[in-house]
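For the numbers below, each heavy atom of this structure counts, side chains included, while hydrogens, waters and symmetry mates do not. Only a predicted model underlies this, so the values are computations on that prediction, with no experimental measurement involved.
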Number of protein chains: 2
Amino acid sequence: MCSVNPGHCTLIKYIFLLLIIIHLGLNTAESVWPLPQIFIPSPERYQLKPQSFSFGYRRYLDTKHSCSVLDAAFKRYFSILFPGYSYANLITFSVFTLTISLDRHDCEGYPNQDSSERYKLSVFAGQASLNAETVWGSLRGLETFSQLVYQDDLGSYYINKTEIEDYPQFNYRGILLDTSRHYLPVQAILKTLDAMAYSKFNVFHWHLVDDPSFPYQSHKFPDLSNKGAFHPVTHVYTQSDVRRVISYARMRGIRVLPEFDSPGHTKSWGKGQSELLTPCYRGATPSGTFGPVNPTLPSTYQFMLSLLKEVASVFPDPYIHLGGDEVDFSCWRSNPYIRAFMHKMGFGLDFSKLEAFYIEKIVNITSILRKTSIVWQDVFDYHERRKFLSVVEVWKQGCYLCEVRRVVKAGLRVILASPWYLDQPGPTHNWARYYNVWPLAFKGTEKQKSLVIGGEVCMWGEYVDATNLSPRLWPRASAAAERLWSNERQTSCVERAFPRLQEFRCKLLRRGIQAEPLYVGHCKHEYQSV
Amino acid sequence: MCSVNPGHCTLIKYIFLLLIIIHLGLNTAESVWPLPQIFIPSPERYQLKPQSFSFGYRRYLDTKHSCSVLDAAFKRYFSILFPGYSYANLITFSVFTLTISLDRHDCEGYPNQDSSERYKLSVFAGQASLNAETVWGSLRGLETFSQLVYQDDLGSYYINKTEIEDYPQFNYRGILLDTSRHYLPVQAILKTLDAMAYSKFNVFHWHLVDDPSFPYQSHKFPDLSNKGAFHPVTHVYTQSDVRRVISYARMRGIRVLPEFDSPGHTKSWGKGQSELLTPCYRGATPSGTFGPVNPTLPSTYQFMLSLLKEVASVFPDPYIHLGGDEVDFSCWRSNPYIRAFMHKMGFGLDFSKLEAFYIEKIVNITSILRKTSIVWQDVFDYHERRKFLSVVEVWKQGCYLCEVRRVVKAGLRVILASPWYLDQPGPTHNWARYYNVWPLAFKGTEKQKSLVIGGEVCMWGEYVDATNLSPRLWPRASAAAERLWSNERQTSCVERAFPRLQEFRCKLLRRGIQAEPLYVGHCKHEYQSV
């Protein structure tokens, strides 16, 4: 029935679970995705009515200023709980109240890598209580609460008596969107942030720029997008767009991690910033084409400092992704000035030393700006001096756990992306491929394993834009989400996860997310907007 | 540059074409998809203005009653030509008129297998004339005209002087949608019909029912959908829904071919029609499960006559698809009554004879109802007596042209589906796989080749519903559309087709069709509705 590694899927457990499901109906017992760490359902159920349901703060919060993040979340989740209704909070007599308490009143900040997302949720007669250490944890609890509510055939709303204690397995649970190979309208990004919150993702890795286009509208270097975007007006992200994305993400407990990938993947940068890219040579003369960023000129670092200074101030997250992947050395090799510089620096013919020279300078700039840098695994692989690195993102296929092990043995933190390249179209029933991933299944000490800070779904843009982003992402990304949030022993059985994921996918449809089907079947509310 | 078979992609032709493209801009010269048979573009261009553009009939038509199909098409295409404007036809002074003449005034009927779709379109100073033999041909010409109009950077509309003579290579150009494995809301079907018209498809093959669900609401046998649909109210097609689909398709020159697949693929039928399916046995006792339709009972044929009589009256098309594929013999074999019948009929142990016996009876019923039947290739493959067959749809993978050849050698007509199973997700850049198909590249006489009446894109429903139907279908189905409409020698070069298909895909986005990208790039108007 189940090929499981490293968890177990014993028959007794399975029968017990089936009995619970049959007894309670799938909607009640097994309907939360990703699965909470401790989840004690009960057959006892309570009716909820939109007219007499309310959210409340524990009293001590009332004396402080209100929490805008939670106030907005109450409105969102009320409409999710009771489609067609909106939250007025003018209920005079509440029959069912979800009361929230926070250990820390941290509503004004941004979520970060160390934010606690732990929460405790108890549902009992006529009320529910949600306790969390931070406002971000309370958002996760609200999401769980919303998934516990179900409708019977007559349309009445119910929730079962439930005890939940929950926290994520990994602190970094990201989705990468690529807005350079195709431009994604802001609305498509916001919709993705909505869906991310439903699966408890907490990092939007924004691969903003790359070879094909430079849609980020810099206020210091407006020509980068004026000349490097697909279109300088319709295919750019203005400062206001960026602020909107960051704010929308924050309201959902999601960090925005900007990536400005260099020295490769920068063709579009060259259009608006002359002398940044390396002129390639054919024999003794320039060929007219350009290669990676020119690491030999002081002007390059002045520009990068200035650009990253802007990025550091626009994006509040303490991390910046610096890329560093797939640098093609052939253009550098063709250029006599680069070769002369190599000679002067004693790099011999090893261009990876030149790349290391560049990246180290960029990482240092980032440190000066008080940001921590993340790089793709190439930077780790090809450089001998690794001390200056902090976080390495593993993306290459093959034995990715071998690579994870190498990185943590070097004392660096890891984000794992290799098994979650979802831009590759494939049969949807392959969701299990994204589920059967065990990021910690390598030989290592506890301390080494703690350096694996999480994982990331990558949605590269070669064949993806707003027309197919959602169905290609959902619900397959949700499979990765459970792997990154839930206990791996409790979620090691694909057959057991399948009906719960199907149910979750129906919830996504009900919330307007264009999540594609897993297999033959139907949802009570099909996707209608065509 | 080009691997072409059997057409040619000579350098001179290619350079000539490039010169035209460079001279005229892609929008004008090479922007029609599928490519017309004779296409003479010119650099001379005329401005169009929504305020002074009109459609007109040649005078002799005015004396007859007006043509509702064309009146509706004028409204549709006006909004396509000039997004944001709607057609009032109250223009007092028309600066540019597209005048339509029909050889036959056949506005009241339905398109059929023999309908001419030939048209002639001339665009010259201040006017254009469109002549067609039938109203269906004029719809194809209107589509072509709409693709010739383009906007410059300032937003002005233009059309170039053009001469076109056009007709399809194959009369049957179909798309199959499967509404049994997932229910498709009527709106999703209508949207698909819109997009089909843009690619000049002319048959909607409606695979209405199958094992998982029976969404067709029969007025004679309401229990079939009451008990066999995923939901008897929300997941059915009422008679009014079906009429709406047929009418919507007709207005776009598209036939609706209903499929009621039997004797296999009928699990859902059994829920609402007892004693229709064969009870399977385990040893000497019924196992409680059911297999294919029971071909041994007279009641089966009474029911099928009654059902098909209804189908024949609801669907105006002269053809009905009877399925006949993938019949699993194991249940028949297990049943002692079936075995006794086999013995009595002298079929021995050859269950394909039993299937032939059944299908022949169903084909006869269909003939009595004055409909021509289409069957999947299985029926042809496994039966010795083939005289009673008319049209065979080839669907299996492998050497499908070998199969095509066998069928036409037997004097039967063929629809080719094998190379166009688009429900299989795959890298989008594989559109060329659906383009590089040569349905007539087999050894045979002219007469035999004329028996290949066309081809069909199949969108089976295991992993497809309204969430991903459009991006999975478009623009890959458009590649098949050009193969089925255009001259294969003129369209044999993938590299030459690519920019034109990219441009066509942008047009689909502009028209609200969620067509996925072919590769890195952008459209002036991206898909916005998320």
Side-chain angles (χ1 to χ4, degrees), chain A residues 178 180-192 194 210-213 215 229-231 234-235 423-430 460-472 474-475 505 508-509 512-530, chain B residues 178 180-192 194 210-213 215 229-231 234-235 423-430 460-472 474-475 505 508-509 512-530:
Chain A
D178 169 2
S180 173
R181 291 179 175 85
H182 283 98
Y183 177 80
L184 294 173
V186 172
Q187 277 302 332
I189 295 175
L190 302 185
K191 194 86 174 177
T192 303
D194 278 332
D210 205 300
D211 286 329
S213 77
F230 285 133
H231 188 283
T234 57
H235 287 62
D423 58 303
Q424 314 287 347
T428 320
H429 56 287
N430 260 356
W460 297 104
E462 279 87 348
Y463 303 104
V464 176
D465 71 1
T467 63
N468 56 357
L469 173 65
S470 280
R472 200 165 283 194
W474 311 109
R505 184 238 164 198
L508 291 179
L509 293 193
I513 305 300
Q514 214 174 331
E516 66 177 11
L518 295 162
Y519 194 56
V520 173
H522 78 290
C523 294
K524 191 172 173 184
H525 301 277
E526 300 288 356
Y527 185 74
Q528 291 288 349
S529 164
V530 285
Chain B
D178 169 2
S180 173
R181 291 178 176 87
H182 283 99
Y183 177 80
L184 294 173
V186 172
Q187 278 302 333
I189 295 175
L190 302 186
K191 195 85 175 177
T192 303
D194 279 332
D210 205 300
D211 285 330
S213 77
F230 284 133
H231 188 283
T234 57
H235 287 62
D423 57 304
Q424 313 287 347
T428 321
H429 55 287
N430 259 355
W460 297 104
E462 278 87 348
Y463 304 104
V464 176
D465 71 2
T467 62
N468 57 356
L469 173 65
S470 281
R472 201 165 282 196
W474 312 109
R505 185 240 164 196
L508 291 179
L509 292 194
I513 304 300
Q514 214 174 331
E516 66 178 11
L518 294 162
Y519 194 56
V520 173
H522 78 291
C523 294
K524 192 172 173 185
H525 301 278
E526 300 289 355
Y527 185 74
Q528 291 288 349
S529 164
V530 285

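The part of B:Leu509 that comes within reach of chain A is its side chain, from C-beta onward, which places non-hydrogen atoms under 4.5 angstrom from that chain. Proximity to chain B (any heavy atom under 4.5 Å) is shown, for A:Leu184, by neither the backbone nor the side chain.
To the nearest 0.5 Å, the span separating OG1 on A:Thr467 from CH2 on B:Trp474 amounts to 14.0 Å. Rounding to the nearest 0.5 Å places CG of A:Asp465 at 7.5 Å from SG of B:Cys523. In this structure, CD in A:Glu462 is found 13.5 Å from CG in B:Leu518, a value given to the nearest 0.5 Å. Rounded to the nearest 0.5 Å, atoms CG (B:Asn468) and OH (A:Tyr527) are 11.0 Å apart.
A heavy-atom distance below 4.5 Å is not found between the side chains of A:His231 and B:Lys524. In this structure, the side chains of A:Arg181 and B:His522 stay at 4.5 Å or more apart for every pair of heavy atoms.
With chain B as the partner, the residue from A:Gly521, A:Pro185, A:Gly461 showing the most heavy-atom pairs under 4.5 Å is A:Gly521.
Between the side chains of A:Glu526 and B:His235, at least one donor N or O sits under 3.5 Å from an acceptor N or O.
Checked against side-chain contact (heavy atoms from CB on, under 4.5 Å), A:Ser180 has the following partners two or more places apart in sequence or in another chain: A:Asp178, A:Asp210, A:Pro212, A:Ser213.
At least one donor-acceptor pair closer than 3.5 Å links the side chain of A:His182 to the backbone N or O of B:Tyr519.
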